[in-house]
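Below: one structure, written as structure tokens.
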Amino acid sequence: MRVFRIVALLTAAGGLLASASCGKDGSAAHKVTVVAAFFPMADVARVVGGGHVDVQTLTPLGVEPHDVALDASHSQQERQADVLIYLSHGFQPAVSALVSQAEGRAVDALAGLPVVGDDPHVWLDPVLLQRIVVKVEGALAQVDPAHRGDYAANSRHYRDELGSLDRRFNRGLAECDRNILVTSHAAFLYLASRYRLEQEAIAGASPASVPTPVRLTELAALVKDAGVTTIFTEPLVTGGPAATLAQETGVTTAVLDPVEGRMVASRPSTYLQSMGRNLAALRVALGCL
């Protein structure tokens with residue numbers, strides 16, 4: 001009986017050790033925990049990290065990332081993550097305020113990039129996003145050197161895909177009747193600069209900013225004088241001044257996604273898919289061949 005009890009205890013202990021060494025999916029390796037401030041950074045982390053990472057996003061579905069608020073549970077999650085990916089320049093004040101408390105490696109995606117003023121929307125330029133991919137690869141390799149080779153391979157493949165996306169935009173927007181983008185807020189400077197377009201925004205860099213009557217009058221005149229056919233709205237911001245301006249000028253509206261967040265979990269979308277839809281919308285609105 002005593003021998004049986006000893007064997008049973010050893011068996012139970014072995015089971016506990018096995019459970020402790022496995023991840024949630026039963027894999028033997030511990031997954032690197034990554035907290036990303038909002039969707040595009042989470043998408044990069046998932047692609048580069050592959051099966052070695054567990055990625056959480058601080059911005060909930062259907063919420064504008066500029067408006068995100070964090071409670072105590074989010075603060076704890078952020079502090080304890082192995083890697084935290086965020087944007088500086090006041091993009092998400094609630095997130096930036098907690099960066100100094102992070103216990104893991106904090107990665108400012110904007111560091112070293114050619115940021116214009118306080119406009120953080122660099123990810124809408126696939127070429128600049130390639131540089132963020134490299135940053136994320138480096139952070140993951142530092143906290144998990146055992147899988148450095150996998151991170152490098154995933155990063156290289158993703159940067160190749162972004163290069164292909166850049167070429168698609170260049171070809172798709174090479175010959176168009178118009179080059180003016182009238183957008184609901186000033187999120188598309190980097191995309192416009194890359195592909196020889198001109199952004200005319202109704203509101204500022206934050207969707208919460210309110211346009212002046214003078215600005216709306218100026219844009220109404222521009223729409224008519226330049227032959228603009230489309231006012232661009234956004235998935236997370238419906239109606240408002242963009243819809244009003246379209247109605248007053250007799251033009252249509254179309255969605256141009258700043259790729260800041262996702263609406264519903266049942267319709268997952270990657271950065272590449274979102275940008276592909278943006279290219280299609282631009283080609284129609286600008287009358288491209």
Side-chain angles (χ1 to χ4, degrees), residues 24-25 31-51 53-99 102 106-107 109-110 120-124 126 129 132-133 136 158 165 183-188 191 203 205-209 232-240 242-243 253-281:
K24 294 179 181 178
D25 60 352
K31 289 194 174 186
V32 175
T33 56
V34 180
V35 169
F38 71 126
F39 165 67
M41 301 302 104
D43 201 48
V44 169
R46 290 189 184 101
V47 174
V48 176
V53 300
D54 180 14
V55 182
Q56 303 295 325
T57 309
L58 288 175
T59 303
L61 292 171
V63 174
E64 254 290 331
H66 302 270
D67 303 329
V68 69
L70 303 181
D71 56 24
S73 63
H74 280 121
S75 300
Q76 181 179 9
Q77 180 187 49
E78 184 181 56
R79 286 196 304 269
Q80 295 178 346
D82 296 316
V83 177
L84 164 66
I85 308 171
Y86 73 103
L87 272 72
S88 57
H89 288 66
F91 178 65
Q92 290 178 295
V95 177
S96 298
L98 297 173
V99 168
V107 179
L110 295 181
H121 300 86
V122 295
W123 62 90
L124 290 170
L129 187 61
I132 295 176
V133 170
V136 173
Y158 194 31
L165 177 66
T183 62
S184 58
H185 90 283
F188 300 94
L191 183 146
S206 170
S209 57
F232 286 111
T233 62
E234 300 176 13
L236 295 175
V237 182
T238 58
T253 61
V255 172
L256 190 63
D257 191 353
V259 198
E260 294 180 345
R262 288 170 51 200
M263 289 295 294
V264 291
S266 60
R267 295 181 61 190
S269 179
T270 66
Y271 170 85
L272 292 172
Q273 290 169 335
S274 297
M275 289 297 285
R277 288 192 291 270
N278 278 348
L279 176 57

Qualifying residues under side-chain hydrogen bond (donor to acceptor under 3.5 Å, both in side chains), relative to T33, sequence neighbours excluded: D82
Flag side-chain contact, heavy atom, 4.5 Å: L110 against F91: no
Set of side chain to side chain contact (heavy atoms under 4.5 Å, CB included) partners for A42, sequence neighbours left out: A36, R46, V55, T57
Partners meeting side-chain hydrogen bond (donor to acceptor under 3.5 Å, both in side chains) with T59 (sequence neighbours left out): Q92
Residues which pass side chain to side chain contact (heavy atoms under 4.5 Å, CB included) with V47, listed by chain and number, not counting sequence neighbours: Y158
Distance-minimising heavy-atom pair for I85 and A45: CD1-CB, 3.9 Å
4.5 Å side-chain heavy-atom contact, Q56 and D54: yes
Rounded distance [0.5 Å steps], CG in L279 versus CG in L165: 7.5 Å
Nearest-0.5 Å distance, CG of residue L129 to OH of residue Y271: 5.0 Å
Heavy-atom side-chain contact between Y86 and L58 under 4.5 Å: no
Heavy-atom check, side chain of M41 versus side chain of V34, under 4.5 Å: no
Any side-chain heavy-atom pair of P120 and S88 under 4.5 Å: no
Qualifying residues under side chain to side chain contact (heavy atoms under 4.5 Å, CB included), relative to T183, sequence neighbours excluded: L181, F188, Q199, A201, F232, L256
Min side-chain heavy-atom separation T270-M275 under 4.5 Å: no
Between CG on residue L87 and NE2 on residue H121, distance to nearest 0.5 Å: 9.0 Å
Pairing residues for S274 by the side chain to side chain contact (heavy atoms under 4.5 Å, CB included) criterion, not counting sequence neighbours: D257, V259, S269, R277
